[in-house]
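Just below is one structure, and these are the notes that go with it.
A note on names: the letters A, B, ... follow the listed sequences, proteins ahead of strands, and every chain is numbered from 1.
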2 protein chains.
Amino acid sequence: MLTFPISEFQERLHKTKQRMEQIGIEVLLVTDPANMNYLTGYDAWSFYVHQLLVVMVDEDQPYWIGRGMDANAAKYTTWLDEEHIHPYADHFVQSTIRHPMDFVCEFLKTKKKDKKKIGVEMDAYYFTAQCYVRLTQGLRNAVLVDGTNLVNWIRIIKSDLEIEYIRKAAKISEKAMQVAFDTIQEGVRECDVVAGISYAQITGTEEYGGDYPAIVPLLPTGEKTSACHLTWTDEPFTEGAPVIIELAGCYKRYHSPLARTAVIGKPSEEVYRLSEVVIEGLNAALDCIKAGVTCEEIEQSWRKSIEKNGVKKESRMGYSTGLNYPPDWGEHTASIRPGDKTILQPNMVFHMIPTIDLGPIGMEISESFRVTENGCEVLANFPRELYVKPNIRLA
Amino acid sequence: MLTFPISEFQERLHKTKQRMEQIGIEVLLVTDPANMNYLTGYDAWSFYVHQLLVVMVDEDQPYWIGRGMDANAAKYTTWLDEEHIHPYADHFVQSTIRHPMDFVCEFLKTKKKDKKKIGVEMDAYYFTAQCYVRLTQGLRNAVLVDGTNLVNWIRIIKSDLEIEYIRKAAKISEKAMQVAFDTIQEGVRECDVVAGISYAQITGTEEYGGDYPAIVPLLPTGEKTSACHLTWTDEPFTEGAPVIIELAGCYKRYHSPLARTAVIGKPSEEVYRLSEVVIEGLNAALDCIKAGVTCEEIEQSWRKSIEKNGVKKESRMGYSTGLNYPPDWGEHTASIRPGDKTILQPNMVFHMIPTIDLGPIGMEISESFRVTENGCEVLANFPRELYVKPNIRLA
């Protein structure tokens, strides 16, 4: 079931160890599920219990530590041999007296790593405060060092095979968005449109199936378009109200996000005008992308364009994306925003999503792109426009 | 958009403050998205950035703190007035220099709560180690106290309206499981069956729509049934291989999980026998449930039944469920396992899922139930058996 050749996993591990040596740590505890997958292939919905990889600079394989009932998932999905799969007993799960990190402390002692400098992903979703406190208490002779995003920064440049997966995800995103456009109609319930989007995301194409995206479809309508992270209701769509659709295709955990805004029937002048401003700004930003440009320079192009049109926007307008798990398909590394001086390199992948909300109206038209030497490859091939759905009333 | 009467939210808040006073804390920082929803109604896919409620024993409403672009979601989905919605600026998002908890510290200072005993949910998924460290550094005169699961333990007993939502979720779980049974067939791809399941989960019924479950459908097949948290692939189903389907219906964030095992064509003697053992054990466990019984007593009934049949099982066999967000529909309170002395009370809801794996074969047949005075109400009405799918070869 390996999703990449073992050599690619080993190359990723090699780069991880190089970074570890640069910051002087001998052990890295990798708790981010995307980072666990990146280094070993591990893929299961088991991140609701504590689990991690232990990467040691002097070992050829990381150790997987997780719940007993997930050890077989580690055997099936990773390149690790059985000696590197260390399950903990079930009485560690959601217990008030035992914690899985106690098990990790004991493991590090048997490996004589309990007096070392150990990196931990301090701000990773599933590395809780309690994990940190238990490690601190159990490893009194160790020094815990912040390793947040250490692996994420390696993930930021994709291999050609990763890009191939992301292109497949982009195809799925096109199909899912088309389903949204085809089914949105006055009187149709929001949930029925999202059901169709989800079907398209998972069924994928005839050649390959889809995976679950790290974020469910977001579908705010009407004045709720100014609250871009709302999901959906079972209310019917109404004529004239804008609808934001943000979704991603996902293939083997690799994402290609895409957002569009639709209106059923005639859009108001204000909505139409806003879509023109957003598209002009998006085009200006895409035009300036190539290897060597910085993230903040892209944002400047965008801001210059929209300010010329009298619109201001404060939040970041994009972020690195790729391999991920819920709750986020963003990589938490480079952001397209003022102050981010990350220099674009070929095979970086971003989701550029300039969310605009003007009082009660919000607008999202986005693209995911791959950086190339001389420009960028926009991943999904989908009309970059406000979608106006003819309103044909249902009988 | 409120999902409950304000009086119900206030009642929940009242109980929360009572617990806070019992453990001597004046402020509770609520980061678990399910707890945030429980106390205020807040519902958006925004838990990928740091957000929380600040509950103060001397205030009538909690404060919502989150990202600026999510403030409108707080306005639309909660009963809080605008004064209790405190967004932070976008430059706090995934920054290497600023952290949202710095904003929280400043907020607590302005409210003169920075020298108090403050509860934090130490082992909640999105309360990271970094959150804790920043609070510790920013609130040097405060005492941070562990408030993990404080609100969860209030959630464990459901109101009648919550039960109504869970019953609606159970109806959706029946429909989704039926779609799985109807579409599983030799030669059909796993992803296509899951696409149908997901469609059914989200479209719901004609009367009401479905919400996204906190866990995607799990669908291990063949020998992978011994790895119960695997999701799906785009491989076709094969004759004779068992398939585990674990899913939940979800209505307004309330879950009713359900698992079944299916076989295409004739099951092996071993698989059939195992299903009989599991069902007998499940029935024995269900028979002993009523208010006043402890969680560990349920497990004893189950264990006695399966051991009589020569099967042993180590992991817990159930947990409290209800309102939740990814990555878990479990509530992290009572577990049906040895040592758990929680006394059952009416309107507690559990998912009883005795996962069994015997070497290469795994089996799951589960039920969600509501505790009543004299027994239990099994929530989904779905045949409690190994599903044998006649193998009709596709042309």
Side-chain angles (χ1 to χ4, degrees), chain A residues 1 44-48 68-70 72-73 76 89-90 93-94 120 122-133 148 189-192 194-196 198-199 202-204 208-212 215-216 218 224 226-231 233-234 314-316 326-328 330 332 335 355 357, chain B residues 44-48 68-70 72-73 76 89-90 93-94 120 122-133 148 189-192 194-196 198-199 202-204 208-212 215-216 218 224 226-234 314-316 326-328 330 332 335 355 357:
Chain A
M1 290 180 68
W45 192 289
S46 56
F47 40 92
Y48 73 93
M69 67 165 67
D70 297 317
N72 281 339
Y76 294 138
D90 215 66
V93 174
Q94 294 165 11
V120 288
M122 290 295 286
D123 215 15
Y125 295 118
Y126 304 116
F127 188 66
T128 65
Q130 187 65 11
C131 288
Y132 179 68
V133 168
T148 303
R189 300 185 306 178
E190 292 174 18
C191 58
D192 296 330
V194 177
S198 182
Y199 189 98
I202 298 174
T203 201
Y208 54 87
D211 206 342
Y212 59 89
I215 304 178
V216 297
L218 303 175
K224 292 181 289 173
S226 64
C228 56
H229 296 123
L230 293 179
T231 50
T233 72
D234 51 15
E314 269 185 30
S315 55
R316 68 175 179 171
D328 197 5
H332 296 202
S335 289
T355 307
D357 71 274
Chain B
W45 192 290
S46 56
F47 40 92
Y48 72 93
M69 67 164 67
D70 297 317
N72 281 338
Y76 294 138
D90 214 67
V93 174
Q94 296 164 12
V120 289
M122 290 295 288
D123 215 15
Y125 295 118
Y126 304 117
F127 188 67
T128 65
Q130 187 66 6
C131 288
Y132 180 67
V133 167
T148 303
R189 301 185 305 178
E190 293 173 19
C191 58
D192 295 331
V194 177
S198 182
Y199 189 98
I202 298 173
T203 200
Y208 52 88
D211 206 343
Y212 60 90
I215 305 179
V216 297
L218 303 174
K224 291 181 290 172
S226 64
C228 58
H229 296 123
L230 292 180
T231 50
W232 62 86
T233 71
D234 52 15
E314 270 185 29
S315 56
R316 68 174 178 171
D328 196 5
H332 297 202
S335 289
T355 308
D357 71 275

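- The CG atom of B:Asp328 sits 6.0 Å away from the CD atom of A:Gln94 when rounded to the nearest 0.5 Å.
- Listed by chain and residue number, A:Tyr126, B:His332 satisfy the ring-ring contact (aromatic ring centres under 6.0 Å, His included) test with B:Tyr125 (two or more places apart in sequence, or in another chain).
- Heavy atoms closer than 4.5 Å to chain A are found in the side chain of B:Thr231, but not in its backbone.
- Of the listed residues (A:Gly68, A:Ala227, A:Ala124, A:Ala129), the one with the most heavy-atom contacts under 4.5 Å to chain B is A:Ala129.
- Among A:Tyr48, A:Trp45, A:Tyr76, the single residue meeting the ring pair (Phe, Tyr, Trp, His ring centres under 6.0 Å) criterion with B:His229 is A:Tyr48.
- Counting heavy-atom pairs under 4.5 Å between each of A:Asn72, A:Asp192, A:Asp123 and chain B puts A:Asp123 at the top.
- For A:Gly210 against B:Trp232, the heavy-atom pair with the smallest separation is O-NE1, 2.9 Å.
- Per-residue heavy-atom pair counts under 4.5 Å with chain B were compared for A:Leu230, A:Asp211, A:Thr203, and the maximum is reached by A:Thr203.
- Comparing A:Asp234, A:Asp70, A:Thr128 by how many heavy-atom pairs each has under 4.5 Å with chain B, the most go to A:Thr128.
- Between A:Tyr132 and B:Val133, the closest side-chain pair of non-hydrogen atoms falls below 4.5 Å.
- Residue with the most contacts toward chain A among B:Pro326, B:Gly196, B:Ser226: B:Ser226 (heavy-atom pairs, distance under 4.5 Å).
- Neither the backbone nor the side chain of B:Val120 comes within less than 4.5 Å of any heavy atom in chain A.
- When all heavy atoms are compared, the tightest approach of B:Cys191 to A:Gly209 is SG-CA, 3.6 Å.
- In this view, B:Glu190 and B:Thr221, B:Thr233 satisfy the side-chain hydrogen bond (donor to acceptor under 3.5 Å, both in side chains) rule, not counting sequence neighbours.
- Put simply, of A:Leu218, A:Thr355, A:Val93, the one with the most heavy-atom pairs under 4.5 Å next to chain B is A:Val93.
- You'll find the side chain of A:Asp90 reaches within 4.5 Å of the side chain of B:Arg316, heavy atoms only.
- At a threshold of 4.5 Å between non-hydrogen side-chain atoms, the residues B:Tyr199 and A:Ile202 do not count as touching.
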